[in-house]
Chemist: 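Below: one structure in structure tokens.
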There are 2 protein chains.
Amino acid sequence: MGELREPLRELIECGLPQALEVMGERWSFMILRASFNGLKHFEEFLSELGIARNILSNRLAKLVEHGILKREPCADDRRKIEYRLTEKGLDLLPAMLALRQWGQKYGSETVVEDPVLVDERDRLPIGPVSILAHDGRILGPQDLWLTRPANLGRRADGTIATPGESQGVSLGRGDVVDLAEAKAAAAR
Amino acid sequence: MGELREPLRELIECGLPQALEVMGERWSFMILRASFNGLKHFEEFLSELGIARNILSNRLAKLVEHGILKREPCADDRRKIEYRLTEKGLDLLPAMLALRQWGQKYGSETVVEDPVLVDERDRLPIGPVSILAHDGRILGPQDLWLTRPANLGRRADGTIATPGESQGVSLGRGDVVDLAEAKAAAAR
DNA sequence: TAACTAGGTTGCGAGTTGCAACTGAAAACT
DNA sequence: AGTTTTCAGTTGCAACTCGCAACCTAGTTA
């Protein structure tokens, strides 16, 4: 594995900071979850989340500004405003579920009585949010490798994969990382 | 679909708040990513992330306290301390990747030259972080349904699935949510 | 011994957060 | 019509957190 160390460019350009700009704020994920749960109105969020009015107002405005929620006046009651998830907001579902599954796996209290997310086809609980290979295999840290776009492998049809497609994700730093080693180290 | 509305119990018990307690802090995810990138020492994080010393100190301590990183004095130089990911920390990889993929998908600048996460088997870029059904099918928002544990389906062998296993995830609120409807609404 | 390095801690100003009270418009009651 | 209630905000103020710079301490190097 060649030494691969780039001139340490700013890490601002890797997707994560952009995501955190909105979702890193203290209440954003809780509001997002409430939206996934079907809440739409200001006062609903307010009483459900126990957040301060001004913060909620501010957060909702930011989420709307970033295109995660959209703000529509209600037809039947013109005081009311509906905050609904956009496509962009719905796309945060994997991230939210991954976080929640992690929190649940390591959290102290497990409340089994709460409703459960199921596959509507067979009503069985969903599995863990997973990192998939291009062919659908589930990948763990030990299966991942960080490399330069130039060193990408070739697909069966001989075409070179481009990082942009299929959500190829940059880790943003010019270092080859052996996640398997990291995993081994974690095991002590 | 029966009306399903619980007495609005506190939402603190759903995994997400527990996750956010640590990872909701402003720099936690950036530090985590740096860890995945192989950074181990205080001064490395400091210069790489551009974070303030005191905040970094505080965040690292919290991450250690929550068992995401572990703090080990370096063998060869007893001034140095290594911060390494634990198993619990490694388990945050799907959440971090999901966030990053989202940020990259909707972010303005796409830097193609950055290194890319690949499947080490064939060196092809990884796919999107996905929500899987128990049988491995990839699920979208439209395939998900929120239900009570009592109404779970049965597996092929006739056993009733338990929410605890296979990362069944509670949304924490006693409301049945039709995510397909939400998706349709998002489309405008 | 002096200088340097790694990892913190402390003090200070600026920015955020939470709480409570107030506003202003639309709906509901009387 | 006139009062009250509801909805979604805004404003003022206290408490907390952040970022910056300076300082501190133990271990290493010259």
Side-chain angles (χ1 to χ4, degrees), chain A residues 8 10-12 16-17 20-35 37-66 68-85, chain B residues 8 10-12 16-17 20-35 37-66 68-85:
Chain A
L8 269 211
E10 288 303 323
L11 295 188
I12 304 175
L16 190 58
L20 292 176
E21 188 184 328
V22 215
M23 301 312 297
E25 306 257 13
R26 219 168 286 280
W27 285 97
S28 298
F29 263 108
M30 294 298 287
I31 294 174
L32 188 79
R33 186 198 53 170
S35 281
N37 279 13
L39 302 209
K40 292 183 189 63
H41 300 291
F42 191 91
E43 308 286 332
E44 287 181 303
F45 290 108
L46 196 68
S47 64
E48 187 87 354
L49 297 176
I51 183 178
R53 286 185 99 75
N54 51 352
I55 306 298
L56 176 60
S57 176
N58 186 310
R59 263 333 85 90
L60 286 174
K62 264 184 194 167
L63 288 169
V64 169
E65 181 189 328
H66 281 85
I68 291 164
L69 297 178
K70 58 189 169 187
R71 187 181 188 282
E72 309 183 330
C74 223
D76 57 329
D77 184 342
R78 274 181 305 178
R79 292 172 304 181
K80 286 189 181 177
I81 285 173
E82 284 197 354
Y83 292 95
R84 301 176 139 276
L85 286 165
Chain B
L8 269 211
E10 288 303 322
L11 294 188
I12 303 176
L16 190 58
L20 292 176
E21 189 184 328
V22 215
M23 300 314 295
E25 306 256 13
R26 221 167 283 280
W27 284 97
S28 297
F29 263 108
M30 294 298 286
I31 293 174
L32 188 80
R33 185 197 55 166
S35 281
N37 278 12
L39 301 209
K40 294 184 188 62
H41 299 291
F42 191 91
E43 308 285 334
E44 286 181 304
F45 290 109
L46 195 68
S47 63
E48 188 87 353
L49 297 176
I51 183 178
R53 285 187 99 78
N54 51 352
I55 306 297
L56 177 59
S57 176
N58 185 309
R59 261 338 84 87
L60 286 174
K62 264 185 192 165
L63 288 169
V64 168
E65 180 189 328
H66 281 84
I68 292 165
L69 297 178
K70 57 188 171 187
R71 188 181 189 282
E72 308 183 331
C74 224
D76 57 328
D77 185 340
R78 274 182 304 179
R79 291 171 304 181
K80 286 191 181 175
I81 286 172
E82 283 198 355
Y83 293 95
R84 300 176 139 276
L85 286 166

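A note on names: the letters A, B, ... follow the listed sequences, proteins ahead of strands, and every chain is numbered from 1. Note that the structure is predicted; figures quoted are calculated from it, not measured. Both backbone and side-chain heavy atoms feed into the values below; hydrogens, waters and symmetry mates do not.
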Chemist: Partners of R78(A) by side chain to side chain contact (heavy atoms under 4.5 Å, CB included), sequence neighbours excluded?
Modeler: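 So R78(A) forms no side chain to side chain contact (heavy atoms under 4.5 Å, CB included) with any residue.
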
Chemist: Taking C-beta and beyond as the side chain, do I31(B) and L56(B) meet within less than 4.5 Å on heavy atoms?
Modeler: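 Sidechains of L56(B) and I31(B): in contact.
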
Chemist: Between which nucleotides of DNA chain C, read 5' to 3', does contact with chain B run, using atoms under 4.0 Å from its heavy atoms?
Modeler: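 Using the under 4.0 Å cut-off, the span is dT5(C) to dT17(C).
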
Chemist: Mind checking if F45(A) touches a base, just sugar-phosphate, or nothing, with heavy atoms under 4.0 Å?
Modeler: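 Nothing, no heavy atom under 4.0 Å.
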
Chemist: Distance check needed: dA8(D) P versus L60(A) CG, whole Å only.
Modeler: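 To the nearest whole Å, that distance equals 10 Å.
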
Chemist: Scan L32(A), I68(A), N58(A) and name whichever one has a side-chain contact (heavy atoms from CB on, under 4.5 Å) with L63(A).
Modeler: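 Of the listed options, the one satisfying the test is I68(A).
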
Chemist: Partners of A52(B) by side chain to side chain contact (heavy atoms under 4.5 Å, CB included), sequence neighbours excluded?
Modeler: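 Side chain to side chain contact (heavy atoms under 4.5 Å, CB included) check on A52(B) returns N54(B), I55(B).
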
Chemist: Could E43(A) and R53(A) be called an ion pair, given the rule that one side-chain N must be under 4.0 Å from one carboxylate O?
Modeler: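 Looking at E43(A) and R53(A), the cut-off is met.
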
Chemist: Can you give one letter per nucleotide of nucleotides 18-30 of chain D, 5' to 3': B if a protein heavy atom sits under 4.0 Å from the base, S if only from the sugar-phosphate, - if neither?
Modeler: SBB-B----BS--

Chemist: For R79(B), what residues pass the side chain to side chain contact (heavy atoms under 4.5 Å, CB included) criterion, not counting sequence neighbours?
Modeler: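 Here the qualifying residues are D77(B).
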
Chemist: Report the residues that fulfil side chain to side chain contact (heavy atoms under 4.5 Å, CB included) with E82(A), sequence neighbours left out, ordered by chain and then residue number.
Modeler: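 E82(A) satisfies side chain to side chain contact (heavy atoms under 4.5 Å, CB included) with K40(A), H41(A), C74(A), R84(A) once adjacent residues are dropped.
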
Chemist: Does OP1 or OP2 of dA8(D) have a side-chain N or O of H41(A) closer than 4.0 Å?
Modeler: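 Result: yes.
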
Chemist: Identify the heavy atoms of I51(B) and F45(B) that sit nearest to each other, and give their distance.
Modeler: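 That closest heavy-atom pairing would be CG2-O, 4.3 Å.
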
